[in-house]
Amino acid sequence: MTWLELPLLYATVGVASVVLALVSRRLRSLPVTEPLVGLLLGVALGQAGVLGGSGALGWDEAQRDTLLLESSRLLLAASVMAAALRFPTHRLRALVRPVAWMLLVVMPVAAVISGGLALTLGLPLALAVVVGACLSPTDPVLAASVVTGDVAERSLPSRLRALLTAESGANDGLALPLVAIAVSLALTTRDTGHELLILTWEVLGAVVIGVVAGLVTAAGRRLATREHDLAGGPSLVLTLLLALAALGVARLAGTDGVLAVFVAGIAYGARTDESTREHQDMIDEAVNRYAVVPFFLLVGAALPWADWAALGPVVVLVTVGVLVVRRLPTVLLMAPVLGLTRRDAAFAGWFGPMGVSAVFYLAHARDQGVTDPRVFALGMLVVAASTVVHGTTAAPLVRLYARTDADRPARS
């Protein structure tokens, strides 16, 4: 990257973010989201050669992968913390059963369907399994654009918003076992039995670290508030600092950092008064909402256009198939078990977007040794398509939901 390109990148991100902030309330009623704006800016700058003519941003694949992996990890940490704080803990507790069904049935089925569609491109079974696992979780960043804001709060039932929030926060960390098993199958040098033992520690260790970090931080906040040691400004960003701390400790311990952050947020929220939690959640949401702009700009500039062309035209049908059947039919079939009406199940089934979490797991798989370009190319194509499709349908479908809800009494 040249001396001119970096200031241009700052200017593009800064100006776009300022404009988005100024129209932030109206934006939630338009078929536009912050991730979509960032993605389109990245595509435009990347294709114009402004950010480097050879490869994404002028960097080689190793640099690109490292940047995507670490930036997506940090953004996910901030996002799942915001998801954990979005609703009171007692309300999330009531969703344990449906969320468990979503994690234990809907997410694995999504992995199987996505992987099965990947097979039609001629990928070996092991690589198709990796693709399916990477695309299985619901992205909390893209999901937030559906469940937050005045329009969503007025139009969607609180339970439906809470379900989508809790599921997207939890399954980002719990997708790691699926991805790790898929990677171990793709890399024949890995001992799958040993990998399962490691995964057990990664999940259980993350839960323990998250609970301890959240409870200790909540206790520390109460003590510091009582002793007048905690200033107002630091109090507002305390949960973001907690997210960073939990992520770092979990990574040092060799556990699932994203899951640890989500659990820390739940534990912290359970021991924090509602007013404090709501104010901290507003800060987390604001940071999360605009941190996605530079991230998706990077994603847009890093899209592997040549690798997409090599996959052939059938990749378009595969992408459409993933968007339509990866999740929606399963959630509709499970509506009674999930305690959802058919309308709520259709809404929840459609809004299972793939974004930051999918990029994270795709970069993680490459970091672990799954370097076949077809895996990354197909995954990134689905991410780009999901960002566009779910970003443009969020506001219209929320309004449609509200209209059908308002029409019900007239028909009865």
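Between the side chain of T392 and the backbone N or O of V388 there is at least one donor-acceptor pair closer than 3.5 Å. For W201 (side chain) and T255 (main-chain N/O), no donor-acceptor pair under 3.5 Å exists by modelled atom type. Put simply, the side chain of R399 gets close to the backbone of S29: a donor and an acceptor are under 3.5 Å apart. Under a 3.5 Å cut-off, the side chain of S386 and the backbone N or O of V383 do not form any donor-acceptor pair. In this structure, R342 contributes its side chain and L332 its backbone to a donor-acceptor pair below 3.5 Å. In this structure a side-chain-to-backbone donor-acceptor pair under 3.5 Å is present from T120 to L117. Counting only distance, with no hydrogens or angles, the side chain of S24 and the backbone of A21 share a donor-acceptor pair below 3.5 Å. With hydrogens and angles ignored, the 3.5 Å screen pairs a side-chain donor or acceptor of R326 with a backbone N or O of L135. Between the T148 side chain and the A144 main chain, a donor and an acceptor come within less than 3.5 Å of each other.
When only modelled atom types and interatomic distance are considered, T272 and R277 share no side-chain donor-acceptor pair under 3.5 Å. For the residue pair T138 / E167, a side-chain donor-acceptor distance below 3.5 Å is found, with atom types taken as modelled. A donor-acceptor pair shorter than 3.5 Å cannot be found between the side chains of R289 and S145.
The minimum heavy-atom distance linking F87 with A162 is given by the pair CE1-CA, 3.5 Å. Between V80 and P140 the shortest heavy-atom distance is CG1-CG, 4.1 Å. Between S155 and V398, the shortest heavy-atom contact is CB-CG1, 3.6 Å. Between M102 and L338, the shortest heavy-atom contact is SD-CD1, 3.7 Å. Here the shortest heavy-atom pairing between L127 and V370 reads CD2-CG1, 3.8 Å. Summarising the geometry of G122 relative to R374, their closest heavy-atom pair is O-NH1, 3.8 Å, with the distance given to 0.1 Å.
Taken to the nearest 0.5 Å, the CG atom of L156 stands 8.5 Å off from the CG atom of L164. Rounding to the nearest 0.5 angstrom, the gap separating the CG atom in L178 from the OG atom in S136 is 5.0 Å. Rounding to the nearest 0.5 Å places CG of L362 at 11.0 Å from NE2 of H364. Considering CG of L69 and CZ of R64, their distance stands at 12.0 Å, rounded to 0.5 Å. We find the CG-CG distance between L185 and L125 to be 8.5 Å, quoted to the nearest 0.5 Å. Rounding to the nearest 0.5 Å places OG of S184 at 7.5 Å from CG of L199.
R366 forms a cation-pi arrangement with F376, by the criterion of a distance under 6.0 Å to the ring centre and an angle within 45° of the ring axis.
Inter-residue side-chain proximity for T276 and R221 is flagged as met; some heavy-atom pair is nearer than 4.5 Å. Contact check for L240 versus M81: no side-chain heavy atoms found under the 4.5 Å cut-off. Between Y401 and D344 the shortest side-chain heavy-atom distance falls below 4.5 Å. Using a 4.5 Å heavy-atom threshold, the side chains of L121 and L378 count as touching. Using a 4.5 Å cut-off on side-chain heavy atoms (C-beta onward), L68 and V299 make contact. No side-chain heavy atom of L242 sits less than 4.5 Å from a side-chain heavy atom of L238. Side-chain contact between H390 and L323 is present, with heavy atoms from C-beta onward closer than 4.5 Å. Considering only heavy atoms from C-beta on, V43 comes within 4.5 Å of W305 through its side chain.
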Practice prompt. Go through the steps for V293 and V37 under the test side chain to side chain contact (heavy atoms under 4.5 Å, CB included), then give the verdict.
Written response: CA-CA 7 Å; V293 177; V37 171; 5.5 Å; no
Discussion item. As a quick check of understanding, evaluate side chain to side chain contact (heavy atoms under 4.5 Å, CB included) for V141 and F295, giving each step before the final call.
Written reply: CA-CA 11 Å; V141 178; F295 176 80; over 6 Å; no
Practice prompt. In sequence, state the C-alpha distance, the side-chain angles, and the governing distance for L74 and L247, and then conclude on side chain to side chain contact (heavy atoms under 4.5 Å, CB included).
Written response: CA-CA 8 Å; L74 287 172; L247 180 66; 3.9 Å; yes
Item to complete: In sequence, state the C-alpha distance, the side-chain angles, and the governing distance for T33 and L27, and then conclude on side chain to side chain contact (heavy atoms under 4.5 Å, CB included).
Response: CA-CA 7 Å; T33 60; L27 196 66; over 6 Å; no
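Ion pairing between E153 and R28 fails under the 4.0 Å rule for side-chain N and carboxylate O.
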Please set out all donor-acceptor pairs under 3.5 angstrom arising from side-chain atoms of residues 204-217, sequence neighbours excluded.
| from | atom 1 | to | atom 2 | distance (Å) |
| --- | --- | --- | --- | --- |
| T217 | OG1 | A213 | O | 2.7 |

Donor-acceptor list for residues 345-359 side chains, cut-off 3.5 Å, not counting sequence neighbours:
| from | atom 1 | to | atom 2 | distance (Å) |
| --- | --- | --- | --- | --- |
| W350 | NE1 | T393 | OG1 | 3.2 |
| S357 | OG | D139 | OD1 | 3.4 |
| S357 | OG | D172 | OD1 | 3.0 |

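Residue R271 places its CZ atom among 12 or fewer non-hydrogen atoms of other residues, nucleotides or ligands, all under 6.0 Å distant. No more than 12 heavy atoms of other residues, nucleotides or ligands lie within 6.0 Å of CH2 in W101, so this atom counts as exposed by the packing criterion.
Checking each of L381, V324, L311 against T319 for a side-chain contact (heavy atoms from CB on, under 4.5 Å) leaves exactly one that passes, namely L381. The only member of L333, N171, V331 that meets side-chain contact (heavy atoms from CB on, under 4.5 Å) when paired with V106 is V331.
Residues that satisfy the salt bridge (Lys or Arg N to Asp or Glu O under 4.0 Å) test with R161, not counting sequence neighbours, are absent from this structure.
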